[in-house]
Amino acid sequence: MGEKMTMGGDGLVVPDQPIIPFIEGDGIGPDIWAAAVRVFDAAVDKAYGGSRSVDWLEVLAGQKAFDATGDWLPEATIEAFRQHLVGIKGPLTTPIGGGFRSLNVAIRQILDLYVCLRPVRWYEGVPSPVKHPELVDMVIFRENTEDVYAGLELASGTEEAAKLIDFVKAEFGWNVRADSGLGLKPISETGSKRLVRAALRYAVANGRKSLTLVHKGNIMKFTEGAFREWGYEVVRDEFDDVAVGWEDCGGDPGDRILVKDVIADAFLQQILTRPAEYDVVATMNLNGDYASDALAAQVGGIGIAPGGNINYDTGVAVFEATHGTAPKYAGMDKVNPGSVILSGANMFRYIGWSEAADVIEAGLEATILDRVVTYDFARLMEDADEVSTSVFGSAIIERM
């Protein structure tokens, strides 16, 4: 029988047989989950010789949940993640016409999973559009609950939008066109500081060399500019023994972590031209979405990009495939399961089972090096052995 993980004074307390909730996902979700869970179980068995295992607990969201319960995101699913702390999910469809803007965003906001963690690195053999994908080795900390993704929007032509337009005209002298849709972009000191704090703790724990704050503060001075300032305050007030800002050291941090900042558009250029200069990155929601997908393209695409949503204070974390449901491929046993597989590897690292994560990554890399790949990579490689989703999972297990 499995046991629940708990939070202790020093972080997660993980039993040898933890119960881990999972959402299979919609569209291609069942295909990629079936391959991934076999990889996870094989890796844990390989790494720990049978002394550890996972007790998987299925919970429902998306179309499967709606068909079974009439609810797209049942409260029982949210409560399962709260109670068991760590879970994993496939891609989810979003209902058309109401309910949720995005089920994925809803899960993050309801559970206050304020960090979207996106490690980005190249695995040898993966086809890439750039000459030196091996220079990309970054960990993106994307704020997950604020910014324009907060969903605070009013539609053009509505009474509510007209009220807000009138209000800002009267109170602040702002002239907004009457036919505008409006959105609010909240960036708080609380949200900014806890994100940067988490990024710095990660950098310290993993021996990383630098942290870069990515922002558009030259234009949005009181939101993104404030994010930058609050980030440096965290460095000075809480981490001055292990980290130092560029302005406080002239670019020479000694044995401390160097904290610097860069304008978002310059960052998007430099991750192409000088990717080796970036290590851990902290940024806001919209910037993080753009940057993490752009980086994923450099190392093979979102089909192989892992993601996780984490609240480091409560311990609750939901790891996920970063791509969509691709309904036209549903049930075809065709697509690349790499995103959810590598998300599972990151989940194992999060719970302290790094040996299992290493086994997964080594098996995946060896499979790709042998040119045994799904169609998305096969069309970009010469002499590739194109295989199905399930066969790709089996090939990883064989090479562990």
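Note that these values count all heavy atoms, side chains included, but never hydrogens, waters or copies made by symmetry.
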Apply the test side-chain contact (heavy atoms from CB on, under 4.5 Å) to residues Ser394 and Arg38: give CA-CA distance (whole Å), side-chain angles for both, the deciding distance (0.1 Å), then the verdict. CA-CA 8 Å; Ser394 298; Arg38 291 190 297 113; 3.1 Å; yes
Test your reading of the model: is there a side-chain donor-acceptor pair from Lys221 to the backbone of Asn218, 3.5 Å cut-off? yes
Linking I/L/V/M/F/W/Y whenever their side-chain heavy atoms sit closer than 4.5 Å, directly or via other members, would Leu85 and Val13 fall into one cluster? no
Whether over 12 other heavy atoms sit under 6.0 Å from Lys46 NZ: no
Treating Thr325 as the side-chain partner and Asp26 as the backbone partner, does any N or O pair qualify as donor plus acceptor under 3.5 Å? no
Donor-acceptor pair, side chain of Ser53 and main chain of Gln17, under 3.5 angstrom: no
Between the side chains of Arg208 and Asp137, is the shortest nitrogen-to-carboxylate-oxygen separation below 4.0 Å, so that they form an ion pair? yes
Between atom NZ of Lys260 and atom CG of Leu211, what is the distance when rounded to the nearest 0.5 Å? 9.5 Å
Just by modelled atom types, is the Asp179 backbone N or O under 3.5 Å from a matching donor or acceptor in the Ser156 side chain? yes
Shortest non-hydrogen contact from Tyr232 to Val259? CE2-O, 3.7 Å
Would you say that Phe227 contacts Val196 through its side chain, given a criterion of any heavy-atom pair below 4.5 Å between the two side chains? yes
SB check Lys216 Asp265 (cutoff 4.0 Å): yes
What do the steps show when you test Phe141 against Leu117 for side-chain contact (heavy atoms from CB on, under 4.5 Å), and what is the final call? CA-CA 5 Å; Phe141 277 72; Leu117 183 70; 3.5 Å; yes
N-O pairing of Glu361 and Arg349 below 4.0 Å: yes
Please round to the nearest 0.5 Å and tell me the distance separating atom CD of Glu79 and atom NE2 of His84. 10.0 Å
What are the two closest heavy atoms between Ala35 and Thr389, and how far apart are they? CB-O, 3.7 Å
In terms of hydrophobic clustering (I, L, V, M, F, W, Y; side-chain heavy atoms under 4.5 Å; direct or indirect links), are Leu342 and Val54 co-clustered? yes
Contact between Pro18 and Lys4 at the side-chain level, heavy atoms closer than 4.5 Å - yes or no? no
Closest non-hydrogen atom pair, Pro186 against Glu146: O-CB, 3.2 Å
Give a yes-or-no answer on whether the side chains of Thr374 and Asp376 include a donor-acceptor pair shorter than 3.5 Å. yes
Using a strict cut-off of less than 4.0 Å between a Lys/Arg side-chain nitrogen and an Asp/Glu carboxylate oxygen, indicate whether Glu75 and Arg82 qualify as a salt bridge. yes
Establish, from distance only, whether the side-chain atoms of Asp289 and Tyr149 form a donor-acceptor pair under 3.5 Å. yes
Would you please indicate yes or no on a ring centroid separation below 6.0 angstrom for Tyr350 and Phe319? yes
Under 4.5 Å between any side-chain heavy atoms of Asn346 and Pro119, yes or no? yes
If you count every heavy atom of other residues, nucleotides or ligands that lies below 6.0 Å from Tyr290 atom OH, does the total exceed 12? no
Just so I know, are the side chains of Met5 and Val14 near enough to count as touching, which here means a heavy-atom distance under 4.5 Å? yes
Value rounded to 0.5 Å, distance of CD1 in Ile397 from CZ in Phe392: 11.0 Å
Transitive ILVMFWY side-chain link Leu195 to Val148, under 4.5 Å: no
So does Glu277 get a backbone contact from the side chain of Gln270, meaning a donor-acceptor N/O pair under 3.5 Å? no
So, taking the atom named OG1 in Thr77 and the one named CH2 in Trp72, what distance separates them when rounded to the nearest 0.5 Å? 13.5 Å
Quick one: do Asp16 and Arg52 satisfy salt bridge (Lys or Arg N to Asp or Glu O under 4.0 Å)? Show the steps, please. CA-CA 5 Å; Asp16 287 337; Arg52 293 179 181 177; 3.7 Å; yes
I'd like to know if Leu60 and Leu73 are part of one continuous hydrophobic network [Ile/Leu/Val/Met/Phe/Trp/Tyr, side-chain heavy atoms within less than 4.5 Å]. no
Mind listing the closest non-hydrogen atom pair of Tyr329 and Asp31 along with its distance? O-OD2, 3.9 Å
So which atom in Asp279 and which in Lys209 form the shortest heavy-atom distance, rounded to 0.1 Å? OD2-N, 2.7 Å
Can you check whether Phe377 reaches Ile304 side chain to side chain, under 4.5 Å on heavy atoms? yes
May I have the step-by-step check of side-chain hydrogen bond (donor to acceptor under 3.5 Å, both in side chains) for Thr190 and Ser188, ending in yes or no? CA-CA 5 Å; Thr190 298; Ser188 71; 4.8 Å; no
Sequence neighbours left out, cut at 3.5 Å: what donor-acceptor pairs do the side chains of residues 243-255 make with other protein atoms?
from, atom 1, to, atom 2, distance (Å)
Glu247, OE2, Arg228, NH2, 3.2
Asp248, OD2, Arg236, NE, 3.0
Asp252, OD1, Gly254, N, 3.4

For Leu113 versus Val316, what's the shortest heavy-atom pair and its separation? CD2-O, 3.4 Å
Between Ile341 and Ile396, is any pair of side-chain heavy atoms under 4.5 Å apart? yes
If the plane angle is over 60° it's perpendicular, under 30° parallel, otherwise tilted; pick one for Trp33 and Phe22. parallel
Test Glu382 against Arg371 for side-chain contact (heavy atoms from CB on, under 4.5 Å), laying out the working first. CA-CA 9 Å; Glu382 294 182 4; Arg371 311 182 86 76; 4.3 Å; yes
Give, for atom CD1 of Ile310 and atom OH of Tyr202, the distance between the pair rounded to the nearest 0.5 Å. 9.0 Å
Are Val139 and Ile351 co-members of a hydrophobic cluster defined by side-chain heavy atoms under 4.5 Å apart? yes
For Glu153 and Ala155, indicate whether the former's side chain and the latter's backbone hold a donor-acceptor pair under 3.5 Å. no
Should the pair Asp293-Arg118 be classified as a salt bridge under the 4.0 Å nitrogen-to-oxygen rule? yes
Between Val280 and Ile257, is the side-chain contact (heavy atoms from CB on, under 4.5 Å) condition met? List the steps. CA-CA 10 Å; Val280 180; Ile257 294 166; over 6 Å; no
Just wondering, do Ile20 and Trp56 contact through their side chains at under 4.5 Å, heavy atoms? yes
Please write out which residues are connected to Leu182 in a hydrophobic cluster, directly or through intermediates, given that two of Ile, Leu, Val, Met, Phe, Trp, Tyr count as joined at side-chain heavy-atom separations below 4.5 angstrom. Leu154, Leu164, Ile165, Phe167, Val168, Phe172, Trp174, Val176
With rounding to the nearest 0.5 angstrom, report the CG to CZ distance, Leu369 to Arg399. 10.0 Å
With no hydrogens and no angle check, is any side-chain donor or acceptor of Glu365 less than 3.5 Å from a backbone partner on Glu124? yes
Would you indicate whether the side-chain heavy atoms of His323 and Pro91 approach each other to under 4.5 Å? yes
Begin from the C-alpha positions of Ser390 and Asp333 and carry the test side-chain hydrogen bond (donor to acceptor under 3.5 Å, both in side chains) through to its verdict. CA-CA 7 Å; Ser390 54; Asp333 193 26; 2.7 Å; yes
